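Everything below concerns the one structure shown next.
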Amino acid sequence: MKFKDIIGNTELKTQLINSVENNRLSHSQLFLGKSGGPKLAFAFAFAQYINCTNKTPSDSCGECQSCMKHNKLIHPDLHLVFPVLLINGIKKAVSDNFAKEFRQEALNNPYLNLHNWFDVFSSENKTGKTGYIYTQESDNLHKKLSLKHYESEYRVVIIWIPEKMQTVTSNKLLKLLEEPPQKTIFILVSENSEILLKTILSRLQILKIKNYSSKEKTEILQNKFPEKGVIKLEKSLIYSDGNLGDAIHVLESDIITDDNFDDFQMWMRLCYLVNIQEIVKWVNERTKKGRRNQSTFLKYSLKMVRNCLIIHFSNRNTLNITENEKKFLSKFYPFIHEGNISEISEKIEESIKNIERNANSKIIFYELSLQLTILLKVNRKFVE
Ligand SMILES: [Zn+2]
């Protein structure tokens, strides 16, 4: 990846390039930025720039032997460390065992977040485990860094989401940062530096990476999905709460359709009317769609329900929703209030977890609908 492939953050590009040009390359750096931002993309572009053999004052060449390998993230002096899952069949929970999948995901979606990454393993990860950078990882890294460089002047270690390091991993990394191997650059790519050990943090040069504006995000999506209309792209951002990584993820899985809104309206009506016969039919139809589609639909429903509360207590014009959604919610919101919101949210969240754990989705939707028929009838204790 070249710097020119990343839009925005112009000052940061200049700063990074100057640090190489002026021989002021810090050996341990923290690229800090929000989820869905371009921080990992910057780490890739910077690593490529550092080792490019034909670099210009503004970018790597993209064509030398080193760049060609960096383009595919397969350069032997580029070490990628990231959280991994302890799933069946994995003997050693280290990044190297997941490198192929990670390269594929990160090259396709350099704005990816942890959810997008773990989603790759959703079929093997039935219990919804969360991943870590395990202790074995630091042993592995120690071993690799004790070897000679393969072909470049610098060796670059990119640690993505270091806040997922187990404590022992952190302590071992600290040792590496305290006595860094020759010509080795560590780039920690983090979303939340507060979770990192203070002792690690104090050794890092911190670079804050600005997240994109809505306009920039739409531009990136347009470049990536020229065949999809702007309305669909903008809608994907609304669905994803502005997280670019999620937006790319939903656009690729093609799980974003207007069906979610239509289905939600219909579902709420049937639940309110306690029309059991029609609810059963609705559940049968809804669960014909795939599991990922079902969990996206429930996440969408959760958001709509929470929007109702925002309408009660805040300005409805601040809501990031479509005109049709606004129309529906302006009639529906009085049924959701402080007397039932917590329980409704909990039930939906629980159902999402169960769907993702491969439980029987018909039963989940049916039970949830029955609970909603009761919860939607709970009256408000006081009136505005
Ligand atoms: Zn090059």
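Please read all numbers here as calculations on a predicted model, not as lab measurements. Remember, it's 1-based here, ligands and their atoms both numbered in the order they're listed.
Side-chain atoms of F98 and E105, non-hydrogen and from C-beta on, never get closer than 4.5 Å to each other.
Interatomic distance, H79 NE2 to F186 CZ, rounded to the nearest 0.5 Å: 9.0 Å.
With respect to the salt-bridge test (charged N to carboxylate O, under 4.0 angstrom), the residues E191 and K39 qualify.
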Begin from the C-alpha positions of F31 and F42 and carry the test ring-ring contact (aromatic ring centres under 6.0 Å, His included) through to its verdict.
-> CA-CA 8 Å; F31 285 17; F42 264 100; 7.1 Å; no

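Taking a cut-off of 2.8 Å, the protein N, O or S atoms nearer than that to the Zn ion (ligand 1) are C52 SG, C61 SG, C64 SG, C67 SG.
With sequence neighbours left out, the ring-ring contact (aromatic ring centres under 6.0 Å, His included) criterion links Y272 to F335.
Checking side-chain atoms of N9 against main-chain N and O of I209 turns up no donor-acceptor pair under 3.5 Å.
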